[in-house]
Amino acid sequence: MASLVSSPFTLPNSKVEHLSSISQKHYFLHSFLPKKTNPTFSKSPKKFQCNAIGNGLFTQTTQEVRRIVPENLKGLTTVKIVYVVLEAQYQSALTAAVQTLNKNGEFASFEVVGYLVEELRDENAYKTFCKDLEDANIFIGSLIFVEELALKVKSAVEKERDRLDAVLVFPSMPEVMRLNKLGSFSMSQLGQSKSPFFQLFKKKKSSAGFSDQMLKLVRTLPKVLKYLPSDKAQDARLYILSLQFWLGGSPDNLVNFLKMVSGSYVPALKGVKMDYSDPVLYLDSGIWHPLAPCMYDDVKEYLNWYATRRDANEKVKSSNAPVIGLVLQRSHIVTGDESHYVAVIMELEARGAKVIPIFAGGLDFSGPVERYFTDPITKKPFVNSVVSLTGFALVGGPARQDHPRAIEALMKLDVPYIVALPLVFQTTEEWLNSTLGLHPIQVALQVALPELDGGMEPIVFSGRDPRTGKSHALHKRVEQLCTRAIKWGELKRKSKAEKKLAITVFSFPPDKGNVGTAAYLNVFASIYSVLKDLKKDGYNVEGLPETSAELIEEVIHDKEAQFSSPNLNVAYKMNVREYQKLTPYATALEENWGKAPGNLNSDGENLLVYGKQYGNVFIGVQPTFGYEGDPMRLLFSKSASPHHGFAAYYSFVEKIFKADAVLHFGTHGSLEFMPGKQVGMSDACFPDSLIGNIPNIYYYAANNPSEATIAKRRSYANTISYLTPPAENAGLYKGLKQLSELIASYQSLKDSGRGPQIVSSIISTARQCNLDKDVDLPDEGQEIDAKERDLVVGKVYSKIMEIESRLLPCGLHIIGEPPTAMEAVATLVNIAALDRAEDDISSLPSILAATVGRNIEEIYRGNDNGVLRDVELLRQITEASRGAISAFVERSTNSKGQVVDNSDKLTSLLGFGINEPWIQYLSNTQFYRADREKLRVLFQFLGECLKLIVANNEVGSLKQALEGKYVEPGPGGDPIRNPKVLPTGKNIHALDPQAIPTTAALQSAKIVVERLLERQKVDNGGKYPETVALVLWGTDNIKTYGESLAQVMWMIGVRPVSDTLGRVNRVEPVSLEELGRPRVDVVVNCSGVFRDLFINQMNLLDRGIKMVAELDEPEDQNFVRKHALEQAKTLGIDVREAATRVFSNASGSYSSNINLAVENSSWNDEKQLQDMYLSRKSFAFDCDAPGAGMMEKRKVFEMALSTADATFQNLDSSEISLTDVSHYFDSDPTNLVQNLRKDGKKPSAYIADTTTANAQVRTLSETVRLDARTKLLNPKWYEGMLSTGYEGVREIEKRLTNTVGWSATSGQVDNWVYEEANTTFIKDEEMLNRLMNTNPNSFRKLLQTFLEANGRGYWDTSEENIEKLKQLYSEVEDKIEGIDR
């Protein structure tokens, strides 16, 4: 390691843009390395190669650093030992043990070689491993929990098992444990036998208890077995002793371990008497301090020792010092690999904190946490915050976790819980050079799993030396970790009146009308409500205005300005010298932005911080990316660094305002999307530099767990969920309402003479409503028979019922104001519409359908095909569902509309069969015979859901976080699919990435894929599509547990295989017979967020696609192979590389920037947008070189896209549809594919909608029309938005801008959509004035968007419409200038 310090840190001379160029500057490197230098090594400067070089894997270390070959001068027997471990902490202890044995050289000489399990990915390393086993005597394995590598170990050791003298495997996957053999002791029956040892593995429930039970056995068995005569018992006893030696890990224990095993089992040493001592046992759990005379089992004794320490200063010993609890791994302490732990303890003490470092030998820390961190008498915690340095989940480590048990222990403790990371699979340099940051397996085990416990701040605090395998502290990172831990602890100790809070709001795109943007949130009303609450609670919020409208005015208008001022209120002017002093990384920004102050957030001399201070609360406006208006910068394949104004904002918050915490208000800002490593950042990563040492609390929409997870990992946020606005059914209006009345009269009069006449009215009204695009209508005046008439009416009816029942969020949510019970009805109806087989709950529609002798799925199919009888029946079922649920909700609320939380009321409802409100309601319908038992089970579940929907903990959780307490974690996602998302106010987490796709997700995926392919066959002259280009989203896969991931697998014809621990790390091909169709080729565009969260799944997909490309199958049955062979030939590469199909952005970059270009009108023509897509989205993931990160492969990307016959995306929840967010069109390649195809044919574009029980695959243009009808043009929606005032106008403008985005990327927006929008918002004088007066800035943008749609040729309209828009534009310009004057 020392050679590193004194050698120049140089990288291969490739032009690496932005971020990596910063890490190339050698002045950053010293901050990661230990401070001790040893000049003896510095003769030749070593050059470290970038990760991608070498074997393309994550680690370039090899077994050779762990190989010891004895000189053996005395001709003794040689014993060869081969070991495989997960982490390197045993390396130095084992090496020392073997050297000791060889030095004494009495009985035998020992040869040893060790492998880290991760190294076995490399083919050469694996070959050497197999070769090493051929002449080995003893094999040892420990903690082998990665399935693909476990199988490699298994197949290699199995071949040699009978020949080997001993095989010892300590806790690992059952497949590897079965290899154990010591004399007559074996575990090959593992999982089948009755003995207590094997039962351990069978108890799925006892998750982490497994290792604890094993430890108990280890303690008691040797004593018992000693007295059993048979060899078998003797062998079992020696296995247990071996485990004790191994867990004892010190060089002495390992010397005795090797003596015992070789003396007892190596035939050549049979007659030799090798004396060994019993294992030296250390405490299984306790308190350890490097300066303490011993380990403590009692926290009081430890604290007594602490108080008498001579080396510590008085500050640390005083009762007033902050107390930080540390959680350590026992194996690091006993093997002597603990220097990184010592560094953290010393740093905390140097910063004036008292430390209680606890450890445990098992994998369950919940007991020790309770035992050592809480006062046994008062039950109050001793500690102010807890930092786990193990990186593992609190209960269960890498094996099976028990999150509920961990949460229970942490809730009792009630302090912030930080889980920091030691590098496990990479050396320090490998991590530094990697754009991905942490190894994906480590992200899955040590970032995703601790998040489920409520752990936060995944800061990498220690690295690993490539030669000795020892851990060493990364000093800059340790300083940051310790400072942040103390800051979180201080929140518990400071009084409310002196705490300072910086509330940060966002402004996307940068414009005054957009200050306070956040998904579904009325930001200023929410801030106002939160501040009133905090004020009441004792926080200093001096000068808070009377209303939220005044609050907006004060933040967005500069009171000092005499003339029109585009500026917001300036809170602070920072001169350049001050900025440079406060911002150590300022020079790193010059490469992208030139010298400070630059022209963003600056007046030419100073950097400006926008916002307003009220007492100890500062409300500030986060600057934007800064390049959204520059088409050239948007084309760069990697994102630019933050600009000087952005950095100045965070320097102000931390160092001038001196915030105790920052609260980012709403989904979402740009801090967490700044360039840097994906996960496990270094101090050269911008999100890390910007957030500095401020505790970060972040309000995030509950339905967006994926981006919330990015905020947790990259800006160290404690994310608190808020509810999306209550959903309502879209309903019908204007011509659509008229249509439904006509259809009702047709049904009652269809057999009379008036039938045909009514049908022709229906047809002409449907035409006026532009439904002729969605339904084939006969020409007016054409004669049609009765059966045809029914079919036409059925299809129109089915279409308008689809519009009517669409869910939409009405208005915007205000934090701390939960929906009333009646507002929750539509959500409950949708919750009730899904079958929940795992809980034995039948859906309400299926219970009702069964009473009339029908199957609900059949009714759905009939409805989709326009069978009039089924459309009508489905409408009746829907109405009965709504009625029964409304009746239930009315009975469980009081006169104020609040849910009465007395279970008696519910119990009494559930007790009297006949009086149940839903039974009363249904008794007056055709469904009066519905199954009562099923209804009771369903309504009991709905009763629980109702309580959760109206519960309100959003402000409560914020206060907990501000008081330095633990915020209970909970999943994010769609409350309709997963009511566990409720109540909001939880610390949002995603899911265990290795758990998806689930079996249920695969079932749903098959249905969608079959429907998509059928639909495409109809539109494509009966031929299957050869290639589908599709998008994978992070949130969508979290909500559906991997449905869209499974769709890709099913298209190419592979299925996921889960291992014994239920994790998915492998796929296998499905035979063509079972598939019943050709394998369809895919081009997968992963969102940047999906890439960060599910890199293991990208690996899985890439392996699956390459596996399919190599199958020996006819090309007309395997389009993946067909295209890969063609592309390999054209590009002169091998088939595997040609089969690259999994693409995303470069690491640390997000989105194709088409959304920024469209929102800011900063693009010239569609070709420019397509270039952005190609330059930013053409980075491929390669399963053969996963450590190389994302590699640019634009040629393969273009060729693969040029074969696409269809493009495809999934909608995942009712509240987010195509025009609600810009992400969807940002990822749409429809027009691009048309340009790349040789025949210039436009691909079909489809959208799958699985938000309701009746999953649909619609064309893109159908979905855009449905969206326009239910949202933008629907009075219920826009009135709901306008009722929220300033923010509502912006929401309307945003929908129109996103519609233009779809025109630009796909050309699938009908002219009438723009025409109707113009009629609704511009031709209606009253509406026009409301918009102009409520938010003139957003209204100006709305006019601009209309004019742009016309100018770009997307909207063809009359001259007078355009004239009116231009005239209004200049009026509103004047008005804005006037306001500011």
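- A 6.0 Å sphere centred on NZ of Lys317 holds more than 12 heavy atoms belonging to other residues, nucleotides or ligands.
- The salt bridge (Lys or Arg N to Asp or Glu O under 4.0 Å) analysis of residues 577-586, with sequence neighbours excluded, yields no pairs.
- In terms of the side-chain hydrogen bond (donor to acceptor under 3.5 Å, both in side chains) criterion, residue partners of Glu672 (sequence neighbours excluded) are, by chain and number, Tyr698, Tyr700.
- Taking the six-membered ring for Trp and the full ring otherwise, Phe686 and Phe646 have centroids separated by 6.0 Å or more.
- Arg309 meets the salt bridge (charged side-chain N to carboxylate O under 4.0 Å, His left out) test with Asp311, Glu349; sequence neighbours excluded.
- Using modelled atom types, no side-chain atom of Thr709 and backbone atom of His989 make a donor-acceptor pair closer than 3.5 Å.
- The only member of Val530, Thr719, Thr667 that meets side-chain contact (heavy atoms from CB on, under 4.5 Å) when paired with Tyr699 is Val530.
- The aromatic rings of Tyr649 and Phe618 sit tilted, their planes meeting at an angle between 30° and 60°.
- Glu457 meets the salt bridge (charged side-chain N to carboxylate O under 4.0 Å, His left out) test with Arg484; sequence neighbours excluded.
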Output, in order, the C-alpha distance, side-chain angles, deciding distance and verdict of side-chain contact (heavy atoms from CB on, under 4.5 Å) for Val621 and Phe506. CA-CA 6 Å; Val621 182; Phe506 313 118; over 6 Å; no

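- With sequence neighbours left out, the salt bridge (charged side-chain N to carboxylate O under 4.0 Å, His left out) criterion links Glu963 to Lys496, Lys965.
- Residues passing the side chain to side chain contact (heavy atoms under 4.5 Å, CB included) test with Gln329, sequence neighbours excluded: Glu87, Gln89, Ser331, His332, Tyr341, Thr390, Phe392.
- With no hydrogens or angles considered, a side-chain donor-acceptor pair links Thr583 and Ser651 at under 3.5 Å.
- A salt bridge is absent between Lys677 and Asp688: the closest approach of a Lys/Arg side-chain nitrogen to an acidic carboxylate oxygen does not fall below 4.0 angstrom.
- When the salt bridge (charged side-chain N to carboxylate O under 4.0 Å, His left out) test is applied to Glu954, no partner is found at least two apart in sequence or on another chain.
- A cation-pi arrangement is present between Lys500 and Phe657 under the rule of less than 6.0 angstrom and at most 45 degrees off the ring axis.
- Glu498 is linked by a side chain to side chain contact (heavy atoms under 4.5 Å, CB included) to Lys494, Ser495, counting only residues two or more places apart in sequence or in another chain.
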Name every donor-acceptor pair, under 3.5 Å, that has one atom in a side chain of residues 410-425 and the other anywhere in the protein, sequence neighbours excluded.
residue: Lys412; atom: NZ; partner: Glu370; partner atom: OE2; Å: 3.2
residue: Asp414; atom: OD1; partner: Tyr966; partner atom: N; Å: 3.0

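- By the side chain to side chain contact (heavy atoms under 4.5 Å, CB included) test, Val576 is found to be paired with Gln580, Ala596, Pro597, residues two or more places apart in sequence or in another chain being considered.
- In this structure, the side chain to side chain contact (heavy atoms under 4.5 Å, CB included) partners of Ala444, at least two apart in sequence or on a different chain, are Pro993, Gln994, Asn1096.
- Considering Val387, Val344, Asn693, Val355 in turn, Val344 is the only one that fulfils the side-chain contact (heavy atoms from CB on, under 4.5 Å) rule with Cys482.
- Scanning for ring-ring contact (aromatic ring centres under 6.0 Å, His included) contacts around Tyr716 gives an empty result, with sequence neighbours left out.
- Under the 6.0 Å cut-off for aromatic ring centres, Phe373 and Phe382 do not qualify, their centroids lying 6.0 Å or more apart.
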